[in-house]
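Just so it is clear: chains get the letters A, B, ... in the order the sequence lines come, proteins before strands, and each one is counted from 1.
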Protein chains: 2
Amino acid sequence: MPVNAANALGKRRSLLHETRCQNCSLSSLCLPLALELEDMEQFDAIIRRRSPLKKGESLFRQGSAFSSVFAVRSGSLKQVTTEGSGEDQVTNFYLPSELVGLDGIDEQTYPGSVIALETTTVCEIPFDRLDHLSEQLPELRGQLYRSMSKELRDDRKMMRLLSRKTADQRLASFFTSLSDRFRRRGYSPYSFRLSMSRADIGNYLGLAVETVSRILGRFQQQGLVEVSGREVNILNLEALVAQAQDDH
Amino acid sequence: MPVNAANALGKRRSLLHETRCQNCSLSSLCLPLALELEDMEQFDAIIRRRSPLKKGESLFRQGSAFSSVFAVRSGSLKQVTTEGSGEDQVTNFYLPSELVGLDGIDEQTYPGSVIALETTTVCEIPFDRLDHLSEQLPELRGQLYRSMSKELRDDRKMMRLLSRKTADQRLASFFTSLSDRFRRRGYSPYSFRLSMSRADIGNYLGLAVETVSRILGRFQQQGLVEVSGREVNILNLEALVAQAQDDH
DNA sequence: CCACCTCCTTGATCTGCGTCATCCGAACAT
DNA sequence: ATGTTCGGATGACGCAGATCAAGGAGGTGG
């Protein structure tokens, strides 16, 4: 179809333009964060363009061969792992500037599928070239170590949430964490749109969908948030933060 | 006391002897795994000796400044994080050859205390020197990336366990995982001693101590294991593995 | 030998949240 | 409009596992 073709072309052009790290609004959060301009150009050179993913499309599938890590440029994704005959498990949500695929290095396959929750663009970074470049650029290497370390730290937080917190605390944590991540990215920490369904949230937090719904309703009654579909308005962030703490 | 002094001296001597990676029985599992002999000597040179930790002593405390990662040489440890006024949370157990402290890189402080569960010796690896060396030794760098990636992958497994598995499945997973780790280290996968208390296990798995006790009793009745205090004998590993799966 | 402590076990009761069932509204195709 | 599908809300009920309570076993010091 001619309309689509024109569309795709337009997208490709803007991608080409934006794809340079120097011009990217996320450069202060992303991997090249610590790089000097000329180093950034080296880094820039190994990055591959990717056409945008539509909602529901996967960046890669569980079990496929590991080759690259990806930096989210816009949109959002979820990581889903399927084990045996069991149900799926949502293990992570990724927002712009975050790094996807780091858990694939070890066994050279991706341990989960990563699926776009909305139209999403990513930068592909072939890992062998990244590794090689990290030999020459200590700052890049450090940033890579830090990214992985941060993910480890976040995972520990998640474990704590899953093993010690009540359903209310989990939801409160989820919202305050999202709020914080939006704030860091320059968006409003009070008003945002959830790109994931209630089912995804419940699955991620280890709760039934019904529980998520009920608690969201309760939060609304208590005047903590205003929720309408996927639009969220945080009315009392402090109270929400207090709720998220694990002492009663 | 002269007896202690003699003892300590003896320990120091044997430490000096064993402390070379070339002589270490764990070298096939540990960080220098992929190194050639001459590279290993370089790596060896940055490692610091540590006198053994006694049961209950901490390798480092939550919040203290990050400077090194540690490889466990013998014994075992637990990682514990305390948050707010809340209870402690056991987030990991470490066995010989495993790397401790990688989650401290990011914020330059250790996110949890790490405490010896029995008499334990570790190798201290100052991180700045490790990083620097990883610039020259691609194999070492790769191994470091892989270690972190593996930990990420294991964390995801743990999240799945905590959010989807029943108490029985958690305990079964715990035992099969321990069994597997012992096997890899050349110990019997069927017969071993738990260095952690029931309370530690429960805390780690998100269960009450009482639940751990009850289920251990049930496993015993079913002829899956034989447990007496901290001595464990796995009688039917296959059945235990089946139990650990998350489909009923 | 006894007192004390820590770790573990076992039983009785309670409860948070999962499960099941139903219904509502929005988006989309017919 | 009308049916269909999908995401979300709400109510009733039951159960896995927490909590409370009590007792046993081993280890250590007096």
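A straight line from CG of A/Asp168 to P of C/dG16 spans 10 Å, rounded to a whole angstrom. Here the P atom of nucleotide C/dT9 and the CZ atom of B/Phe219 are 13 Å apart, to the nearest Å. Rounded to whole Å, atom C1' of C/dC17 lies 13 Å from atom CG of A/Leu171. Atom NZ of B/Lys55 and atom P of C/dT6 are 12 Å apart (whole Å). The distance from atom CG of A/Leu205 to atom C1' of C/dC17 is 14 Å, rounded to the nearest whole Å.
Residues satisfying the side-chain contact (heavy atoms from CB on, under 4.5 Å) test with A/Ser74, not counting sequence neighbours, are A/Thr121. Remark: B/Phe174 engages no residue in a ring-ring contact (aromatic ring centres under 6.0 Å, His included) (not counting sequence neighbours). By the salt bridge (charged side-chain N to carboxylate O under 4.0 Å, His left out) test, A/Glu107 pairs with B/Arg153, sequence neighbours left out. Under the side-chain contact (heavy atoms from CB on, under 4.5 Å) criterion, A/Ser197 pairs with A/Ala199, A/Asp200, A/Arg230, not counting sequence neighbours. For B/Glu98, the side-chain contact (heavy atoms from CB on, under 4.5 Å) criterion is met by B/Tyr94, B/Leu95, B/Arg181, B/Arg185, not counting sequence neighbours. Remark: B/Asp103 engages A/Leu152, A/Arg156, B/Gln79, B/Pro111 in a side-chain contact (heavy atoms from CB on, under 4.5 Å) (not counting sequence neighbours). In this structure A/Arg218 satisfies the salt bridge (charged side-chain N to carboxylate O under 4.0 Å, His left out) test together with A/Asp168, sequence neighbours excluded.
First and last contacts of DNA chain D with chain B, using any nucleotide atom under 4.0 Å from a protein heavy atom and ordered 5' to 3', fall at D/dG17 to D/dC20.
Around the OH atom of B/Tyr187, the shell of radius 6.0 Å holds no more than 12 heavy atoms that belong to other residues, nucleotides or ligands.
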Pairwise N/O distances under 3.5 Å, protein to nucleotides 26-29 of chain C:
none

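Applying the ring pair (Phe, Tyr, Trp, His ring centres under 6.0 Å) rule to pairs touching residues 52-79 of chain B yields B/Phe60-B/Phe70, B/Phe60-B/Tyr110, B/Phe66-B/Tyr110, B/Phe66-B/Phe127, sequence neighbours excluded.
No engagement by B/Arg170 is indicated, since no non-hydrogen atom pair under 4.0 Å with the nucleic acid exists. Heavy atoms of B/Gly206 sit under 4.0 angstrom from primed sugar atoms or phosphate atoms, though from no base atom.
An angle of 30°, rounded to 10°, separates the two end axes of the helix from C/dC1-D/dG30 to C/dT30-D/dA1, each defined over five pairs.
Side chains of B/Lys150 and B/Asp154 form a contact here, defined as non-hydrogen atoms less than 4.5 Å apart. Side chains of A/Val90 and A/Val80 form a contact here, defined as non-hydrogen atoms less than 4.5 Å apart.
Using a 4.0 Å cut-off between charged nitrogen and carboxylate oxygen, A/Arg193 and A/Glu231 count as a salt-bridge pair.
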(request) Decide side-chain hydrogen bond (donor to acceptor under 3.5 Å, both in side chains) for A/Thr81 and A/Thr91; before the verdict, give the C-alpha distance in whole Å, the side-chain angles of both, and the deciding distance to 0.1 Å. (result) CA-CA 7 Å; A/Thr81 55; A/Thr91 48; 4.8 Å; no
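A heavy-atom distance below 4.0 Å to DNA chain D is reached by these residues of residues 208-218 of chain B, ordered by number: B/Ala208, B/Glu210, B/Thr211, B/Arg214.
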